[in-house]
Every structure is written in C-alpha cells, then in structure tokens.
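First up is the structure itself, then whatever we jot down about it.
Each chain gets a letter, A, B and so on, in the order its sequence line appears, and its residues count up from 1. Hydrogens, waters and symmetry mates are skipped; everything else that's a heavy atom, side chains included, is used.
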Amino acid sequence: MSQPEITAAPNFIRNMIVQQREAGQQQKVVTRFPPEPNGFLHVGHAKSICLNFGIAQEFGGDCHLRFDDTNPEKENQTYIDAIQEDVQWLGFQWAGKVRYASDYFEQLYQWAVHLIREGKAYVCELNAEQMREYRGTLTEPGKNSPFRERSVEENLAEFEAMRAGTYPDGAKVLRAKIDMSAPNINLRDPILYRIRHAHHHQTGNQWCIYPSYDFTHGQSDAIEGITHSICTLEFEDHRPLYEWFLNNLPVPCKPVQTEFARLNLNYTVTSKRKLKLLVDEGIVEGWDDPRMPTISGMRRRGYTPKSLRDFCDMIGVTRSGGVVDINMLYFALRNDLEHSARRAMVVLNPIKVVITNWEAGRVENLTSPSHPAREDLGERTLPFTRELYIDRDDFMEEPPKKYFRLAPGQEVRLRNAWVIRCDEVIKDASGEIIELRCSHDPDTLGKNPEGRKVKGVIHWVSAEHGIPAEVRLYDNLFQVEAPDADKDVDFLQHLNPESLSVVQAVCEPSLASAEPEDKFQFERVGYFCADRREHQPGSKLVFNRTVGLKDSWAKIQQKQD
RNA sequence: UGGGGUAUCGCCAAGUGGUAAGGCACCUGGUUUUGGUCCAGGCAUUCGGGAGUUCGAAUCUUCCUACCCCAGCCA
C-alpha cells in the first residue's frame with residue numbers, strides 16, 4: 001500500500017522563479033530561513049521553513065539557516081539549540097554551517113562607516129521621546145533632526161566613540177539620512193545602530209553597539225549570496241529600505257525580497273509574545289507543552305514531520321491574509337497517522353465485563369495485525385480471559401435508536417474476538433453500574449454469527465493482562481476561533497478549561513514495550529503518542545492524545561438531541 | 001485623513017480575455033470485525049460592489065466598499 005501524496009501546488013513565488021529561469025535570468029537559487037532566537041518556532045514558522053527549504057530543494061539550490069541575532073537582550077542559546085532541532089526534525093538540513101547575522105557585525109560596521117563617509121548617515125542624540133516627535137505621524141511629515149547636518153568627520157568620530165563604549169545605552173544612535181517627509185515612515189531616517197551594553201550570546205562583550213534589523217537583513221542576504229529573500233507581508237513597507245541599503249553600499253550582490261502572507265490558524269495564537277506569556281505565566285508547562293502550536297509542542301503531541309509538511313503544502317502560499325481552519329491541520333495529521341500508526345486496544349474509562357460462559361483461568365492468545373493494511377508492521381498478541389474491560393461509552397442501559405454497541409440483551413462484536421451478549425447489569429448501592437455479565441458465542445471467532453447481523457464492534461482489554469497507563473487527553477487550548485481578535489478582551493479569557501484531562505487507562509499488553517514518541521491508533525478512539533519526556537517503557541506508560549478519530553456517531557447523537 | 005497591501009464556495013486555493021481546478025468542512029449512498037480508512041456521488045449560472053471596454057471579462061479600464069500592515073533605540 002502506498003501512501004497518498006500531498007504535493008505542493010505551484011504558487012506565485014515558485015512561478016516567479018520558473019519564469020526567471022526560463023528567461024535565463026536567475027539560474028542559481030539560494031534562500032534562507034532567518035529566525036530570531038528569542039522564542040521557539042511555531043506552526044507559522046513551519047510554513048516559512050517549508051517554503052524556503054522547499055524552494056531550494058525543488059530548484060536544486062541551497063537554503064541557509066541564519067539567526068537574525070541583533071538584539072542580544074532578548075535572545076539566548078536555548079532558543080538557538082531548539083530552533084536547530086526543530087528545523088531538522090521537520091526534515092530539512094541547511095547548506096553549510098549555521099550562520100549568524102552577528103558573524104557580519106564587523107562588515108556591517110564598515111558599511112555604516114561607508115555611509116557616513118558618503119554623507120548618508122549621521123549620529124543623532126535625540127532621545128527616544130524626541131525621536132518619536134520628530135518622526136511625525138502617519139499623516140504628517142516628520143522634521144529633520146538638529147544633528148542631521150553634522151560633518152562627516154564629526155560623525156565618524158562620534159560613531160567610533162559609540163563603538164568604543166564612550167556613551168551609555170540610548171545616548172546616541174546612528175541614522176540613515178534619507179527623507180523625514182517620506183510617506184513611508186520606514187524611510188524617515190531609520191536607525192542603523194543603537195547602543196546596548198549587553199552580553200551577546202555569540203559575540204560576548206565584543207560589541208556595545210548593535211545594528212538594527214533593517215540595516216542587517218539585506219546586507220546579510222547579500223553577503224551570503226541569497227537570491228530570493230522571502231519574508232512575510234508586514235515587511236513589505238521595509239522593502240524600499242532594504243533596497244536603499246543594497247543600492248548605497250558596495251555589496252557583492254542584490255537579493256530580491258518577496259513577501260507572502262503569514263499563517264493564521266483558528267483556535268490558535270501564533271504570536272511569540274503571547275506564546276511566551278503562556279509559558280512564563282505557567283498556563284502551559286513549557287514551550288513544548290503538547291497544547292502549544294510550537295513545533296516542539298506539536299512534536300510532543302504526536303504530530304509527524306510529514307503531517308506538518310503536508311499541511312504546509314495544502315494551505316498554499318499567497319499574499320492574501322486569511323485564517324486557515326484547524327481541521328486542515330487535523331486532516332493532514334490523521335492522513336499520515338492512518339497510514340503509519342500501529343493499532344492497539346486501550347480502554348480509557350473501564351467497566352468490567354464477565355464472560356459467564358468462559359472458564360476462570362482460561363487464557364486464549366488471539367492475534368491481530370498491527371495495521372489493517374500493512375503487513376510489514378507485524379502483529380500482536382491479545383490475551384482473552386473471563387474478565388475484561390470495555391469502555392463505559394460502549395454500553396448504555398437504555399440505548400437510543402441506532403446505537404450499535406452493548407446494551408442489555410443486545411449483541412456486540414468484541415474486536416478481534418467473539419460476539420457477546422449482555423445478560424445482566426450489576427450495580428452498586430448507589431446505582432452505579434460496576435459490572436456487566438455477558439455470554440460469548442463460541443462460534444463467532446473470525447466469522448459472523450449465522451442468521452443474525454451484529455453491527456457493532458467494540459474494543460476490550462483482558463482485566464488480568466491489561467496494563468495501566470496515564471493518558472493525557474488534549475484539546476484545543478482556546479475555545480473560540482479567534483482568541484486574539486478583540487483588542488479589548490484579554491486572549492487568556494478564551495482559554496479552554498478542558499484543554500487537558502488526564503485519565504488512567506488500561507492498555508493491551510503489547511503497549512508495555514512502546515518507546516517514547518511511538519505513535520499508535522487506539523482503535524475507535526484516536527491517535528496517541530508515547531510522551532517524549534515522561535514515558536518509560538515497561539514501567540511508567542504515558543500517552544498523549546494527538547487527535548481523535550473522526551466520530552460520525554457523535555454527529556448522529558448531536559442530531560438526535 | 002499619509003503610505004503599503006488584500007478581496008474567487010463556510011475555510012484554504014487554482015485561474016492572468018474564451019465562458020469557475022483541487023483540498024478541508026459538510027451532505028448522500030456503498031464496503032468494512034475500527035460508527036475509522038476506503039470507494040461512488042453532491043456541494044459557486046458565479047468571482048467584494050457599480051459603471052465601462054469587448055463578439056466574449058474573475059481576468060482590461062474606472063469609481064466605490066470592506067478588511068489587514070506601518071508612527072520600537074523589536075524582528
């Protein structure tokens with residue numbers, strides 16, 4: 001059986017590259033994925049990763065991993081390590097070594113000096129508040145800084161003094177001299193360098209001035225020979241500035257910036273600030289909490305790299321900003337897991353069943369394929385005994401119409417085993433059902449009973465052989481489609497109080513040897529993944545619910561209500 | 001009210017002057033020892049709105065409307 005392939009549709013960026021190649025303009029393709037190491041990567045980054053690495057792959061080019069590390073106060077090595085792990089886990093490998101914008105600090109400094117010499121940059125001593133006033137507003141032009149016309153010599157000396165550590169944080173900045181009345185605010189003499197007496201994770205205490213994003217990104221692209229600098233829409237306004245630097249500096253080449261719409265997913269927040277808040281406030285257990293839309297969270301939840309890649313292929317790449325339905329993600333997930341996950345029977349909410357016409361002590365070792373369509377996955381043994389557990393959901397004392405499961409006097413198929421009939425319901429003093437007494441039809445193993453149709457099939461586990469496991473049932477972290485849509489309502493108000501519930505389940509014995517990150521379909525229930533951090537084979541079993549199976553019975557029930 | 005963008009089915013998205021692909025979701029049937037998977041079928045006389053050009057427009061022109069981004073010494 002082959003797995004259905006989801007292939008990337010052509011998009012405007014790929015089309016552009018194809019056209020460039022046909023026109024003989026751009027033979028080589030070099031892209032880059034440029035995260036700032038100030039947080040963990042999330043599903044939105046996955047889209048960018050798949051795009052940048054995917055294009056390089058498709059056109060036989062390279063994709064670099066470059067940390068955009070120009071703000072030492074917010075960045076650290078933990079993020080750098082996590083980001084690399086995430087990219088590789090997703091299935092991509094960058095060309096050459098990991099790169100850092102900070103590798104280019106000296107070159108950037110020299111280029112800043114070049115601009116000063118050309119009379120295109122100056123040291124400004126306006127403080128932050130004054131700077132804001134001078135900048136003007138969206139509708140009013142700004143006005144020139146009183147420091148704008150300093151001499152080249154003075155600017156050179158001042159900039160050198162900035163680098164030398166002569167001034168405290170915030171005292172002065174280096175600005176480009178462009179146009180304070182430009183309708184595009186980014187062109188109103190943007191800041192090139194600011195003073196930050198901070199330790200940098202890569203360059204240590206070598207620098208106390210740090211270049212801004214705008215002064216760093218395009219030039220870094222040029223240094224690396226990037227041909228296509230792909231970024232999200234909010235940087236579109238920066239493109240004139242990106243090009244201004246490339247046009248005014250002796251750079252080795254001129255990369256071209258192209259923007260696409262970032263991913264929005266309903267029931268999800270994808271803002272680093274908000275994700276960090278969830279972590280810092282202890283609302284989730286960390287960046288890799290299985291409820292987080294971070295790549296590491298999704299990994300721990302049980303997503304496969306392929307499911308994420310498929311999802312990115314499905315949603316496409318455009319310039320129109322929409323909101324993708326999370327069901328698309330779930331589809332890509334289930335689609336991959338359906339094919340790759342081994343099957344197992346696990347009872348989440350056990351109720352005891354006694355097979356009255358089965359001798360105590362008798363054990364029948366039944367077997368079942370680990371996957372209905374993949375012999376290569378082997379089979380497992382399912383011991384059948386007099387006492388079993390089934391799920392409480394699979395029994396109803398007063399079943400509604402179309403309920404195919406177990407009910408008094410009604411028959412049901414035990415998956416991979418016999419058909420049983422419920423003869424008696426045992427309750428405790430409070431009226432709660434504690435046991436079902438059933439009889440099995442010994443002539444129904446591997447074949448249908450004669451003369452009657454048994455439609456329902458339920459899963460079960462031997463009470464004697466079943467093994468306990470902690471099962472974590474995850475659901476959406478937010479209960480509304482757009483948690484951060486309303487600026488006046490804190491997005492935390494929309495947290496789903498039932499995003500996690502923990503149950504003690506009983507598993508079929510084969511699960512005892514599951515390794516961390518092994519993925520299973522608990523038949524009729526959903527897909528589960530042995531927890532990467534806490535699951536211990538043979539001793540402490542911990543499974544995370546990745547996503548439930550589609551449940552058409554639930555739909556029927558809803559309609560009946 | 002300045003600048004930059006975007007508008008095609010509930011959602012994503014092809015389409016670039018020749019008469020609306022596909023996927024998700026949803027709905028019908030069929031198969032099935034998972035109410036899963038799979039299979040078959042259905043699901044935009046219409047492309048944000050108006051006017052115009054044309055034999056012919058989602059695609060061209062024009063006017064309008066809605067929404068998104070920008071006033072960090074963040075990226």
Side-chain angles (χ1 to χ4, degrees), chain A residues 6 9-11 34-36 38 68-71 73-74 124 126-128 131-133 135-142 169-175 181-188 190-196 210 212-214 216-217 231-240 259 261 266 272-273 313-332 334-335 338-339 343 345 368 372-373 402-405 412-419 444-448 454-459 521-526 548-557:
Chain A
I6 293 169
N11 57 56
E36 184 189 12
N38 67 344
D68 223 333
D69 57 347
T70 57
N71 187 0
E73 290 168 326
K74 289 187 176 170
C124 180
L126 254 25
N127 64 35
M131 187 86 75
R132 201 179 317 121
E133 288 166 8
R135 188 157 36 225
T137 69
L138 294 177
T139 51
E140 302 163 88
D169 286 6
K172 308 189 179 191
V173 295
L174 182 73
R175 304 174 72 179
S181 62
N184 180 345
I185 291 185
N186 295 121
L187 264 17
R188 319 242 262 230
I191 288 172
L192 272 33
Y193 270 90
R194 66 288 210 203
I195 300 171
R196 277 296 108 87
Y210 291 94
S212 63
Y213 163 82
D214 286 310
T216 304
H217 206 95
C231 64
T232 44
L233 247 24
E234 66 269 27
F235 291 101
E236 189 156 24
D237 289 343
H238 293 247
R239 194 170 61 219
E259 311 84 13
N266 59 13
K272 266 194 209 170
R273 205 206 102 235
D313 288 341
M314 283 170 69
I315 60 177
V317 179
T318 66
R319 292 171 60 85
S320 66
V323 182
V324 173
D325 189 339
I326 196 157
N327 280 311
M328 274 219 230
L329 217 207
Y330 293 149
F331 172 83
R334 291 191 184 108
N335 194 47
E338 155 65 26
H339 174 260
R343 309 288 130 117
M345 291 198 288
S368 176
K402 291 193 178 171
Y403 185 81
F404 304 142
R405 282 109 98 148
V412 79
R413 158 78 62 182
L414 290 181
R415 173 95 168 128
N416 299 123
W418 292 270
V419 168
T444 54
L445 184 64
K447 59 179 175 182
N448 288 321
V454 176
K455 178 128 174 120
V457 179
I458 66 174
H459 57 282
Q521 184 197 100
F522 291 178
E523 287 189 287
R524 302 206 312 125
V525 180
L549 249 30
K550 274 174 63 173
D551 188 353
S552 56
W553 169 239
K555 277 182 198 164
I556 294 169
Q557 270 184 309

Is the distance from OP1 or OP2 of B:A71 to the nearest side-chain N or O of A:R135 less than 4.0 Å?
no

What contact category does A:G322 fall into here, base, sugar-phosphate, or nothing, at under 4.0 angstrom with non-hydrogen atoms?
sugar-phosphate

Tell me: CZ of A:R175 to C1' of B:C73, nearest whole Å?
10 Å

Does A:T444 have a side-chain nitrogen or oxygen under 4.0 Å from the phosphate oxygens OP1 or OP2 of B:U33?
no

OP1 or OP2 of B:G72 less than 4.0 angstrom from a side-chain nitrogen or oxygen of A:R273, does that happen here?
no

side-chain N/O A:S552 vs B:G36 OP1/OP2, d < 4.0 Å:
yes

Counting the atoms with a prime plus P, OP1 and OP2 as sugar-phosphate, which does A:Q521 contact under 4.0 Å by heavy atoms, base, sugar-phosphate, or nothing?
base

Between A:E236 and A:K455, just flag the one whose closest nucleotide in RNA chain B comes earlier from the 5' side.
A:E236

Base, sugar-phosphate alone, or nothing: which one does A:A417 contact when heavy atoms must sit under 4.0 Å apart?
base

Counting only distance, no hydrogens or angles, is the base of B:U34 paired donor-acceptor with the side chain of A:R524 under 3.5 Å?
no

Please answer whether B:G35 and A:F404 are stacked, defined here as ring centres separated by less than 5.5 Å and planes angled under 30°.
yes

Is B:G22 in the syn or the anti form, by the rule that syn lies within 90° of 0?
anti

Please classify the nucleic acid contact of A:N71 as base, sugar-phosphate, or nothing, using heavy-atom distances under 4.0 Å.
sugar-phosphate

Identify whether any heavy atom of A:V457 sits under 4.0 Å from a base atom; if not, whether one sits that close to sugar-phosphate; answer base, sugar-phosphate or nothing.
sugar-phosphate

For the residue pair A:Y213 and A:H238, categorise the inter-ring angle as parallel (less than 30°), tilted (30 to 60°) or perpendicular (more than 60°).
perpendicular

Is the A:W553-A:Y403 ring centre distance short of 6.0 angstrom?
yes

Among the nucleotides B:C11, B:U33, B:G35, whichever has the atom closest to the side chain of A:R415 is B:U33

Would you mind telling me which of B:G36, B:A71, B:C24 lies closest to the side-chain atoms of A:P372?
B:G36

Looking at B:U37, I'd like to know if its phosphate oxygens (OP1 or OP2) sit under 4.0 Å from a side-chain N or O belonging to A:K550.
yes

If you define the side chain from C-beta out and look only at heavy atoms, does anything of A:M131 sit under 4.5 Å from A:R175?
yes

What contact category does A:L445 fall into here, base, sugar-phosphate, or nothing, at under 4.0 angstrom with non-hydrogen atoms?
base

